[in-house]
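Here the structure is laid out as structure tokens; the discussion comes afterwards.
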Amino acid sequence: MTAGLLFASVGVILFALGVAGVLLLEHLLRRILAFNIMGSGTFLVLVGLAQRNGIADPVPQAMVLTGIVVAVAATALALALARRLYVLTGKLELSQDDEA
Amino acid sequence: MMVWLILLPLLWASLAFMLGPSRGVWPAIAGLVAQLWLAFALAAEIVGSGAAMHAVGGWGAPLGIDLVADGLSAAMLLLTQCIALPLAVYAHAYFKRDDPARNYFWPLVGFLLAGLNALFLSADLFNIYVTLELLGLAAVGLVAAGGGAQQIAAALRYLFATLVGSGAYLLGVALIYGTYGTVSTVTLVSLIGADAPDLVWIAGGLMVLGLMLKTALFPFHFWLPPAHGGAPAPVSALLSAVVVKASFYLILRLWVGPFSSLTVVASLVVWFPALLGTLAVFWGSYQAIRAERLKMLIAYSTVAQLGYLFLIFPLLASAGALQAGIMQVFAHGLAKAAMFAAAGTLIKATGQEMVAGLAGVAERLPVTLFAFGLAGITLMGLPPSAGFLAKWQLIELALSQQQWVIAFVVLVGGLLAAVYVFSVLRQAFLLAPADSVVTPVSRTLEWTAFVLAAASVLLGLRGVELMQLVGVT
Amino acid sequence: MKRLLVVLGAVCLIVLLLGAMHDLAPASVELHAAVAANLTASGVEHPVTAVLLNFRGYDTLLEIAVLLLALIVILAIGREEASNAEATVDVRLLVSPVLQTLAKLATPLMIMVAFYLLWAGSFRPGGAFQAGAVLAAAAVLLHLAELLPSWQSPGARLRLGLAGGFLIFLAVGAGSLMQGALLEYPLEQAGALILLIESGLTISLGLILAGLFLLLSRDDGETS
């Protein structure tokens with residue numbers, strides 16, 4: 001197994017962990033962290049799988065840089081919403097009953 | 001020409017931001033008029049001379065990013081601008097001077113439209129991811145802007161749904177890049193064959209599932225009713241009419257584009273979206289019939305109407321299915337924009353948001369109620385509306401291929417739509433209780449909804465031109 | 001039930017993906033070769049910067065839009081008017097003078113580093129994002145040392161600074177579109193145009209990233 005493939009495999013595991021976290025965790029900060037783990041996993045797959053033969057490829061590297069900035073924007077947005085919810089309700093969880 | 005459809009909204013959005021809170025309506029309207037003209041000109045050009053291509057940076061795929069405008073994307077661009085301009089006029093009249101949702105409305109709408117237009121034009125899977133995020137974050141922002149705890153909670157739910165959706169999509173893109181070394185859809189069409197490695201199948205599955213979550217297809221619809229039902233009326237209209245259609249468009253694009261050789265091989269896979277679509281039609285209609293709040297009724301009706309779109313997947317092999325799907329996108333887009341706009345006017349005038357509180361609006365707000373009724377005709381699929389045309393085509397195709405189930409679902413869905421539309425209309429024609437107050441509303445609110453509703457019906461008479469446009473490749 | 005389904009789904013995904021990734025044929029398109037071949041025409045010497053600002057510069061343009069958008073959303077959901085901050089008693093501990101002095105010393109150095117990173121981006125790892133991030137870090141440091149107040153709502157000059165970098169990028173895009181293709185730089189001006197875009201972006205990105213932090217830390221009143 002090459003280093004790139006190892007990175008990609010770890011990325012897959014991180015992605016699955018992250019998605020499970022976003023779906024299962026209650027606390028909003030934990031869900032936001034889980035989303036970031038999911039994103040990091042995707043980025044590892046993107047750079048790892050594309051460079052599995054050991055040749056550096058600048059295109060996925062640039063894509064990951066773009067992806068990181070987008071993830072930063074999404075995280076900031078999520079934090080702002082979570083903080084606003086806390087200011088308004090005093091809770092950092094989404095209640096289950098208003099889903100139906 | 002097509003690139004200006006992306007640059008213009010970006011330009012007026014940042015201009016509106018620099019002008020300051022709650023400013024920027026005139027640059028927005030001017031930009032939207034120009035965009036509408038550009039969309040019509042682009043459609044005319046494509047009908048005349050075939051699909052257009054623009055290589056960004058002059059590099060060309062696979063090194064650079066290509067923008068491609070074919071019939072499908074030109075039709076979606078046209079629909080988006082046709083809905084956005086009346087809704088912008090509506091929104092200008094809708095927000096009160098001190099409404100906190102108005103402060104950054106124009107910059108957010110500008111970025112939303114730029115994301116939509118860029119998505120429809122892009123022929124690069126990674127670039128599409130960036131446009132998806134631009135679109136998703138702008139939509140979440142519009143739901144949350146100036147809202148109370150309920151809107152913020154709805155926006156958070158929406159945000160997590162849209163982020164998981166685009167996360168799954170991006171993992172799919174990463175796997176595709178790893179396998180083939182390119183993300184250009186044009187290059188990938190020839191690379192992905194029926195003998196593609198398993199990884200490509202998984203990638204396709206991840207991308208389609210992620211996009212289904214963003215389209216709010218049953219059972220991924222949980223985030224839509226609170227978000228669309230809780231946002232201000234112009235925002236609900238924009239989100240229900242076009243934003244959810246963007247991810248549907250993308251599924252369709254991938255299905256008939258890069259993944260076409262996979263979907264041909266797997267004859268069972270085509271039934272998966274159709275099955276979910278069927279369930280969406282029944283579940284969404286059932287919830288809409290049960291809903292007590294007017295905007296929740298309309299939001300659940302969106303869940304149901306989105307179901308029809310996924311019924312076309314088993315029929316895509318035959319000509320005309322794509323046209324039927326896009327006709328339904330147009331019919332529902334125009335009708336739902338009109339319906340949410342009319343509902344916003346009704347709620348503003350009566351001061352309360354229950355269906356039961358509508359008694360007596362028929363004599364006080366006849367134009368708005370007429371708009372609601374016209375939009376309802378399109379949702380039910382009565383002639384001569386565009387909804388009728390879409391459903392007629394769908395049934396005809398289904399019968400010619402002996403797919404009785406699909407024809408049955410379309411027919412029953414129309415009847416269910418009639419139930420919830422008439423439950424609103426019946427209430428509106430009741431005599432008003434003596435103590436009810438109907439505050440006068442601006443005429444702009446009434447007539448913009450009417451224009452959209454009339455367009456959804458009259459489009460049925462001009463359906464041939466639209467079908468011709470969609471057919472251009 | 002839900003927990004079991006999600007865990008099962010996640011495990012299935014991992015197993016399927018690891019199995020499918022194991023023996024994969026080499027990719028049929030090799031973009032790194034195309035990047036290397038066109039590097040001289042891109043106006044910069046570093047391949048990642050060339051991809052970010054030339055070959056796939058359009059991605060970067062939209063990505064700046066996403067970042068600016070996030071800032072606007074944060075402004076849109078917060079309260080516009082400043083809360084009655086005077087009424088609440090400030091119970092924060094006094095910041096130690098050591099931290100304040102160090103922050104004052106570090107800030108000019110960080111600005112220097114930011115400009116070095118901007119300049120270095122054209123031929124080695126660096127560039128506008130890294131430079132902007134360092135600038136933003138300086139602002140956050142000053143804020144934590146209580147030398148820089150959090151933002152309430154940005155004034156006209158600050159809004160210009162926030163959107164300016166994006167507008168320069170957009171203007172270059174519009175100008176190049178009138179000459180031919182979007183973001184197609186003439187060969188001899190490519191380097192200068194990329195430097196112009198990166199300089200504008202450094203300032204705006206620094207302000208936006210700092211703003212994400214300084215707006216989130218604004219006083220939003222009591223919880224109800």
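Predicted model only: the values in this text are computed from it and were never measured. In what follows, chains are A, B, ... by sequence order, proteins preceding strands, each numbered from 1.
In the displayed structure, B:Phe220 atom CZ is contacted under 6.0 Å by more than 12 heavy atoms of other residues, nucleotides or ligands. Other residues, nucleotides and ligands place more than 12 heavy atoms under 6.0 Å from the CZ atom of B:Phe282. Annotation for B:Trp201: atom CH2 counts as buried by contact number, over 12 foreign heavy atoms lying within 6.0 Å.
Across every non-hydrogen atom of B:Gly147 and A:Leu88, the tightest pair is O-CD1, 4.3 Å. In plain terms, the two heavy atoms of A:Ala78 and B:Leu156 that are nearest each other are O-CD2, 4.1 Å. A:Val70 approaches B:Glu133 most closely through the heavy-atom pair CG1-CG, 3.5 Å. Of all heavy-atom pairs between B:Leu163 and A:Ala74, the closest is CD2-CB, 3.7 Å.
Here the side chains of A:Leu81 and B:Phe160 are not in contact, with every heavy-atom distance at 4.5 Å or above. Contact annotation: the side chain of A:Met63 approaches that of B:Val183 to within less than 4.5 Å [non-hydrogen atoms, C-beta and beyond]. Residues B:Val164 and A:Phe35 are not in side-chain contact: their nearest non-hydrogen atoms beyond the backbone lie 4.5 Å or more apart. Put simply, the side chain of B:Tyr177 reaches to within 4.5 Å of the side chain of A:Asp57, judged on heavy atoms.
Using a 4.5 Å cut-off between heavy atoms, B:Leu199 touches chain A through its side chain atoms alone. For B:Leu171, the parts sitting under 4.5 Å from any heavy atom of chain A are the backbone and the side chain alike. Only the side chain of B:Tyr129 comes within contact range of chain A, with at least one heavy atom under 4.5 Å from a heavy atom of that chain. Interface remark: A:Leu23 contributes no atoms to any contact with chain B (heavy atom separation under 4.5 Å).
One finds the CG atom of B:Leu170 at 6.5 Å from the CG atom of A:Leu46 (value rounded to the nearest 0.5 Å).
Between the side chain of A:Arg52 and the backbone N or O of B:Gly178, at least one donor-acceptor pair lies under 3.5 Å.
Ranked by non-hydrogen atom pairs under 4.5 Å with chain A, the options B:Leu63, B:Thr179, B:Leu159 are led by B:Leu159. Ranked by heavy-atom pairs shorter than 4.5 Å toward chain A, the options B:Thr162, B:Ile152, B:Leu134, B:Val140 are led by B:Ile152.
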